[in-house]
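Reviewing the structure listed below.
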Amino acid sequence: MIAAFHTHPNPPLPYGGRRHAAPDLFAAALAVDGLSAGYDRRPAVRDVSFELPEGCLAALVGPNGAGKSTVLKAAAGLLRPTSGTVRAFGLSPGACHHRTAYLPQRGDIDWRFPVTVERMVMGGRFVHLGWLKWPRRQDRAVVGRTLDRLGLTGVAERPIAELSGGQQQRVLVARAMAQGADLLLLDEPFNNLDAETRADLMTLFAELRAANKTLLVATHDFDRPADHFDFVVRLRDGCHEPEAVPS
Amino acid sequence: MLRLLWLIPLMLVGCSGNGAPAPVTTAGGPQVVATFSVLDDFVRVVAGDKVELTTLVGPDGDAHTFNPAPQDVAAIGRAGLVFEVGAKFESDWFDKAFTASGSTATRVAVADGLELEEGECKHKPGEKLDPSHAHELDPHVWHEVTNAIHMVGKVRDGLSAVDPANAATYTANAEAYIAKLKELDGWIVTAVRAVPKDRRKLVTSHDTFGYFARRYGFTVVGSVLPSFSTETADPSAADFAELVTKVKAQQVPAIFCEASHNAKLVDRLAAAAGVKVPPPLYTDALGARGSPGETYLGMMRHNVTTIVDALKP
Amino acid sequence: MTWVLEPFALPFMQTALAAAVLVGLSAALLGGYVVHRRMAFIGDALAHTTLPGVAVAYLSGVSLSVGATAAGVFTAVLIGWLSRRQALREDTAIGIVFTGMFATGVVILSRSGTTRNLTDVLLGNVLAVTPGDLWLIGGVTVAIAAALLLLHKELELASYDPTHAAAIGVNPDRLRFVLLVLLALTVVTAIQVVGLILTTALLVTPAATAALVTRRFARATAVAAGVSVFSSFVGLLLSYHLRVPSGAAIVLTAVAAFAACSAIVAIRRATSAVATSR
């Protein structure tokens, strides 16, 4: 069943290809400083601070309810912080939000809606198109290349309802890549996936890191996340527990 | 094609119609439309087979709440002459259908020229009255046989105007029928003498016997639907209770249901007041083929016999 | 062939056909969203809430369509507001609102002393559609087609992934408002043709038929429109020749089309299964 239908940006973010501000070249990919945020005025996270450089595969870990989704949503601009700041590439979320991609939990998406894989990945190009514009040839080319890179060309014309969990996750990643995002915020991508699929995904994430992307992955599926990730942000009850140093 | 096959049985099962089968048409001559079965009878008697007659509301149909089908509207469009009662008997559906059909027919309202009964003043005390405000009129004129004679006259005149070649036939047929109607009127006057004055009380499904009461010395105590039209909402609990009290207080011997209307509320009223319900009367339509109410003459005789048998001591 | 063409030579039948086709198109265009966003219940509710609008309009001498539209749009906005961020459990809130409004309409209409309007609203009366009404109906169809054409990619995205939509700056709640208002407009026009009780059928059945045939949203909309136009035409034709109520005839045709398509799909599936198993 679809949950959380209605988190919406507050304030509203601009939509369309003409408002991209120039990124700060020396800024961290993601800089969170003293972030407190929550829903209905109850803070789900309090005073969280961390920084992620470019080309980094980071984990956001903690038990359920620890506030992982909240941090990701604040980073994506879906949630306004009650205090503290969030900066993506030196800009506030939304100023240049085509560089940030928030990948929702798979359960938040209605996979039974009749769209094809290609159409869903094309959704990543919308932020460059804005209202009233139809996808152009170059958009289709970008999507085609992306599907190819992720080995999804075979299922490009299939409805998303026919995808396995692992394929669904790859499609979400493909969409983020079609968008041209450099910062990917993934909410529980490993949920309900078997070990082999998880390993495949981790390989994919490592490839993205090698391409200088920054990934922040919310997960509770790893016993020793420091073994697999460059950086670990551990949350408990909304507070940040200092953890391993970047290796 | 497969789709049509699926459809037909479903539709026949779900078909609600208007309680009336398809209108019967006789062949040849000018195209005439009659709104309901009593007029159908009159036109047939006067015109015989000289006209092509289509009747909209058939036997046992309710002309107050009729919903014309597309074919009905088409028939109106083709007609050169239409007979209606007027006085809002056909509510507004006939006016709308006539306009929609684009018909150029002559409209003859057979109730024109009759002295029509006005309904109760429904205005509240103190409410400002528009000086030209009109009260509702009772359209059920045919229950008074002298009115029926007038209606037959209008039919004859209408037909003669449109088809002068056969005017002689129409006049002759009308004469013969009017003679029968006069005989019927005399018979009714005699028959009702069997019911003493204090028992001549009528309660029906809706207010339809005003003219009958006026001519033949009856009183209309009330009706379940307090309106000349069946198109009105059901009575409120308070109104219903008031009617029960009235029936009991005035010792009404029997109350009557109508063939063209649902008898449920009449039965409930009868049960509550402890009176019987005789067989249905034909009020707003003739009966089906083979029934006693098949013709106007049959209908009136059946009604009077039923009423007299039920009310006499 | 005359059996098919003869009824439509009559002007009032042409008006009825135009109304039925335009309404069917509006309903089919929105039908995909109604079916896949599971808004059939809301569509039914909106239809019910037009009754008080009609009642008040009738008693004040204002056009019934205006009254119905006002009531429908008001309810659409109310539903949109009540169910934003799932503030209230959606179907409960809607259930309370629409039944309350319908009952209010019945009470108000009872003061008019006639049941004719209630019957027309409940069961439709396509023969009573005037050329003036036709302009309004046509206007609604054009508005819906334009809105869906202009907003289709954002509407689609907000339907299956509202979080991503929000993340790129497309507000899913606002789009939902737009959809609800368009639905209210469609419902008001559909009531004139098939009546309040059967409006949901026009919204859902052609779209459901299309879903059997194709898995692409845009193509499904086109198929739904085709089924709808076919149902309007054949339904009116059959209602003429068989003397049955037109609204019901149109709906039954649409249902028959759905049944036929289901049967064909099932047979194809069975025969291809047999073929591959050989």
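Here is how names work: the chains are called A, B, and so on, in the same order as the sequence lines, proteins then strands, and each is numbered from 1. The shown structure was predicted, so the numbers you read here are calculated from the model rather than taken from an experiment.
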Original post:
What do the steps show when you test C:Y58 against C:V121 for side-chain contact (heavy atoms from CB on, under 4.5 Å), and what is the final call?
Top reply: CA-CA 12 Å; C:Y58 180 73; C:V121 168; over 6 Å; no
**OP:** Check the pair B:F66 / B:F36 against ring pair (Phe, Tyr, Trp, His ring centres under 6.0 Å), numbers first and verdict last.
**Re:** CA-CA 10 Å; B:F66 186 69; B:F36 80 124; over 10 Å; no
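Applying the ring-ring contact (aromatic ring centres under 6.0 Å, His included) test to residues at least two apart or on different chains, the pairs with a partner in residues 241-269 of chain C are C:W3-C:H241.
Not counting sequence neighbours, the partners of B:D95 by the side chain to side chain donor-acceptor pair (under 3.5 Å) test are B:R107. When the side-chain contact (heavy atoms from CB on, under 4.5 Å) test is applied to B:P280, the partners found at least two apart in sequence or on another chain are B:C257, B:A259.
Looking at B:W93 and B:N67, their side chains never come closer than 4.5 Å, going by heavy atoms from C-beta outward.
Within residues 8-17 of chain C, the residues that have a heavy atom under 4.5 Å from a heavy atom of chain B are C:L10, C:F12, C:M13, listed by number.
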